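Below: the structure, in structure tokens.
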Amino acid sequence: MKKEDDERYSRDKFSIILLTLILFMLCVMIIIMLIPRKYCCINQSSGLYPNGNAAGGVDLTVDSNEEGNSKVENRNDDQGVAISGITALTFPVMEKEVDVDFYNPEKNADMFYQTFELRLIKDSGYETLYTSGLVEPGKRIEHITLCRGLAAGVYQAVVHVQPYRMDEDRTPTNNADIKTELIVR
Amino acid sequence: MKKLLSVIISAIMIVMISITSFAAENSVITQDNIEKKGSITVDYNMKESYTVTIPASISFTDTQKTVERALQVEDIAIKEGSSLRVNVSSMNNFKMKNNDAEIDYSLVVNTHDIAEENNQDVLVIESGEKSGWAILHFKTDLSKNKATYSGNYSDTLTFTVSVG
């Protein structure tokens, strides 16, 4: 009698373990199906951020010595910085988690990082909805978190693209504002 | 316990079978419709796109007082009837600054002095064109007498691109 009880107890224990495993695997599958995009995005807190160097894209160094400033680095021979056009953006109403396509072209390889800032144009100035970290050439941002959701409507927006040289100083260069229509529906 | 396990596994199997069935819902072929003619619509929604290449920097020196740089737009796909425009603005109103000291410079495109005519387009490309370019002529009236202090003088240009 005791042996039968032991066997039944073992079978029940095995069944419980099997059931727990199946439920666990099912939960994992559901979670993976629900949040696949989280793993496609560039990590915004990856530590790649500009260092705030204030040098701009137009410069002149006045040297007080007799030789003049001919020894100053001449940067006129770069091929320019490629910036990918951004057309209309469409976001869901009052949603902070949205899809975009902010791309730093492959053409900038070994030369320029880029940051992207989404600005909502207002009567007086603009409101920044999102700011990225440095994006490497050939990489893109596909999913962002806005600082707030937007009501339904059509808004005028600008994506401010700021390139940075891939040198130690991460020097900012001239930049671009891409005007775009932001449709919220 | 066995019964409970059987019920749960059965339920999971029913759910999985249902998911497969939903996937196949729109493409069922039966004996009733196999002889009927059908049609499909093939369409392609081409996304608007372009790549603009701006001069990263413009460096003047004692020996180089004029600089020519290209502004290019390539791989253009925009709506028919629309145009792509690029204009240039300067953070310091076309002056290179070192604290309070400043040195003027000019930007000329197709004989237009952009520093004088604020918000002037430097490049306009109509739909149908795949690419376009403009040469930007930068010039500074460089003189050490004008520069009060030695050091680095700088400005930043913003190229604004719009399609409409």
Side-chain angles (χ1 to χ4, degrees), chain A residues 8 11-16 18-19 22-23 26 54-65 67-88 101 103 105 107-108 111-112 158 160-163 165 171-181, chain B residues 1-2 4-5 8-9 12 47-64 67-76 78 84 86 88-92 94 96 98 101 103 105 138 140 142 144 147 149-164:
Chain A
R8 198 162 60 193
R11 279 200 303 272
D12 285 355
K13 200 176 167 185
F14 175 74
S15 301
I16 289 168
L18 187 66
L19 184 62
I22 290 170
L23 287 173
L26 203 64
V58 183
D59 65 75
L60 159 70
T61 299
V62 178
D63 199 333
S64 57
N65 69 35
E67 294 170 5
N69 58 9
S70 54
K71 64 183 179 184
V72 173
E73 185 184 358
N74 187 329
R75 286 175 160 171
N76 292 323
D77 55 355
D78 69 55
Q79 294 167 8
V81 51
I83 290 164
S84 183
I86 296 153
T87 51
D101 187 11
Y103 175 57
K107 198 178 168 184
N108 295 324
M111 292 189 291
F112 304 107
V158 158
H160 179 72
V161 183
Q162 176 62 64
R165 288 184 185 280
T171 317
T173 68
N174 292 319
N175 53 54
D177 278 349
I178 310 294
K179 284 188 176 176
T180 184
E181 208 165 55
Chain B
M1 189 63 205
K2 259 185 176 177
L4 177 63
L5 185 63
I8 291 171
I9 291 175
I12 291 168
K47 249 177 81 178
E48 283 192 309
S49 62
Y50 56 88
T51 302
V52 58
T53 302
I54 63 170
S57 52
I58 294 97
S59 288
F60 295 111
T61 65
D62 272 350
T63 53
Q64 190 167 14
V67 176
E68 286 187 358
R69 300 300 309 269
L71 169 69
Q72 280 179 292
V73 189
E74 297 167 292
D75 307 322
I76 305 170
I78 56 176
L84 186 152
V86 184
V88 185
S89 59
S90 154
M91 181 190 276
N92 299 324
F94 294 95
M96 292 173 283
N98 178 1
I103 299 172
Y105 69 98
F138 295 91
T140 185
L142 188 58
K144 283 190 180 177
Y149 310 107
S150 62
N152 184 260
Y153 288 71
S154 67
D155 186 26
T156 301
L157 296 175
T158 297
F159 293 78
T160 301
V161 189
S162 59
V163 177

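Since we're looking at a predicted model, the values are computed, not measured. In what follows, chains are A, B, ... by sequence order, proteins preceding strands, each numbered from 1.
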One should read off an interatomic distance between B/F159 CZ and A/I83 CD1, to the nearest 0.5 angstrom, of 9.0 Å
Under 4.5 Å to a heavy atom of chain B? For A/F112 that would be side chain
Heavy atoms of A/I178 and B/Y50 approach each other most closely as CG2-OH, 3.3 Å
- Query: Can you find a pair of side-chain heavy atoms, one from A/K179 and one from B/V163, that are under 4.5 Å apart?
  - Reply: no
Donor-acceptor pair, side chain of A/N174 and main chain of B/T158, under 3.5 angstrom: no
Value for CG (A/N175) from OG1 (B/T160), rounded to nearest 0.5 Å, stands at 8.5 Å
Taken to the nearest 0.5 Å, the spacing of B/R69 CZ from A/Q79 CD works out to 10.0 Å
Taken in chain and number order and not counting sequence neighbours, the residues that satisfy ring pair (Phe, Tyr, Trp, His ring centres under 6.0 Å) with B/Y105 are B/F94
Of B/T51, B/L157, B/L84, B/V161, the largest count of non-hydrogen pairs under 4.5 angstrom with chain A goes to B/L157
The salt bridge (Lys or Arg N to Asp or Glu O under 4.0 Å) partners of A/E181 (sequence neighbours excluded) come to none
Between the OG atom in B/S89 and the CG atom in A/D177, the distance rounded to the nearest 0.5 Å is 7.0 Å
